[in-house]
Protein chains: 2
Amino acid sequence: MKALFEDLKKELKLRKIQLSHQRLKVLEYLTQNRSHPTVDQIFTDLHQEMSTLSKTTVYNTLRVLVEAGLVRAINIEDHETRYDINVENHGHFKCESCGRIYDFHTDLDALACDGLNNFLIKDRNVYFNGICPRCR
Amino acid sequence: MKALFEDLKKELKLRKIQLSHQRLKVLEYLTQNRSHPTVDQIFTDLHQEMSTLSKTTVYNTLRVLVEAGLVRAINIEDHETRYDINVENHGHFKCESCGRIYDFHTDLDALACDGLNNFLIKDRNVYFNGICPRCR
DNA sequence: ATAATAGTTGTAATCATTATAGATTTGCAA
DNA sequence: TTGCAAATCTATAATGATTACAACTATTAT
């Protein structure tokens, strides 16, 4: 199911998280830009139409959204965190050549993992690296 | 199979990578400290016995070892890379409470992944987050 | 309406990592 | 062995993403 802006707004209301103008804009941006943007990309784009927006606010908002479980942080790259509105079960592939990050479907719950009895698993991430078809 | 220091040395020789004193020390450290140390931990510990060691050398050495495929970089945390001498098929679990990183066995190759036809997969990482048994 | 709380902003600080340049060591040929 | 080029190491400076902070603004509750 694609996460819809209106549904996400309801979700935030339910959790008693204030729907400020800035937060809604960031959330809307993420629903419209599913290419796993960085903070800088989000900030730069939104700054065009909201000249008073602060980068700190983008950081704060993303932290709130991640904590609320509406957004997923991707650390497939060592140096810069990316954000994904899609929190469903899926993996990420990063092309070493062009840097693009692709989603792929995979069933993480089906992944057998010995040695994690009695562990409380809250979050699962699968990151692959390699070369994408366009770059081969 | 546990990676043994002597075998790793041979592997480096085969690949024509110089076995400098510093590189061997870092490699030996990793075989003896399998708790996924950070650069800072490696540097601080080795600095005790090699007072002239530079942190830059630790960074350079780790890059060489990762490129040679002898060491795996772990980016389960956003802010600091950890290093693992174990490059076999396994996943990492990070406890949100105590910060410990656990290995767990899992067969990544068996992970079905739709949408990656024609992708050249070079590396697979699985990161889980949650609470470990000690902290529950 | 007013006070208290939450959110935003801009700047400064932090901190892991990388760049750089000079010093040292190593490998190899004469 | 000697000498030289290439590789490695070291110390310091620079970079750049993220966080801390303090003042300001908006929202909520009484």
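Reckoned from all heavy atoms, side chains included, excluding hydrogens, waters and symmetry mates. Chain letters run A, B, ... following the sequence lines, proteins first, then strands; residues in each count from 1.
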Given that N60(A) and H21(B) both sit by DNA chain D, which one's nearest nucleotide is further toward the 5' end?
H21(B)
Whole-Å gap separating C1' (dA6(C)) and CZ (R23(A)):
8 Å
From the list dT17(C), dT18(D), dT9(C), which nucleotide is the closest neighbour of the side chain of T52(A)?
dT9(C)
Does a side-chain N or O from R63(A) land closer than 4.0 Å to OP1 or OP2 of dT18(D), or not?
no
Atom-pair distance (OH on Y83(B); P on dA16(C)), nearest Å:
12 Å
Closer than 4.0 Å, any side-chain N/O of Q18(B) to the OP1 or OP2 of dA7(D)?
no
Of all the choices, dG10(C), dT18(D), dT10(D), which nucleotide is nearest to the side chain of S54(A) once you look at every atom?
dG10(C)
So, N125(B) and H92(B): side-chain donor and acceptor under 3.5 Å apart, yes or no?
no
Rounding to an integer number of Å, can you tell me how far L12(B) CG sits from dT8(D) P?
11 Å
Aromatic ring proximity F119(B)/Y102(A), centre distance under 6.0 Å
yes
Using whole Å, report how far CD of Q41(A) lies from C1' of dA17(D).
14 Å
Let me know the distance between CG of L65(A) and C1' of dG7(C), rounded to the nearest Å.
13 Å
With no hydrogens and no angle check, do the side chains of N89(A) and D109(A) hold a donor and an acceptor under 3.5 Å apart?
yes
Between atom CD1 in I17(B) and atom P in dC9(D), what is the gap in whole Å?
12 Å
Flag the pair E88(B) / H105(B) as yes when at least one side-chain heavy-atom distance between them is below 4.5 Å, and no otherwise.
no
At 4.0 Å (heavy atoms only), tell me whether T38(A) reaches a base, stays on the sugar-phosphate, or touches nothing.
nothing
Give one of base, sugar-phosphate or nothing for S20(A), where a contact means two heavy atoms less than 4.0 Å apart.
sugar-phosphate
Mind calculating the distance between CG (L19(A)) and C1' (dT27(D)) to the nearest angstrom?
12 Å
Just N and O in the side chain of T56(A): are any of them under 4.0 Å from OP1 or OP2 of dT8(C)?
no
Compare the minimum distances between each of dT8(C), dA17(D), dT8(D) and the side chain of Q22(A), then state the nucleotide with the smallest one.
dT8(C)
Any donor and acceptor pair, going by atom type alone, linking the side chain of Y83(A) with main-chain N or O of H36(A) inside 3.5 Å?
no
OH of Y59(A) versus C1' of dA13(C): gap in Å, rounded?
14 Å
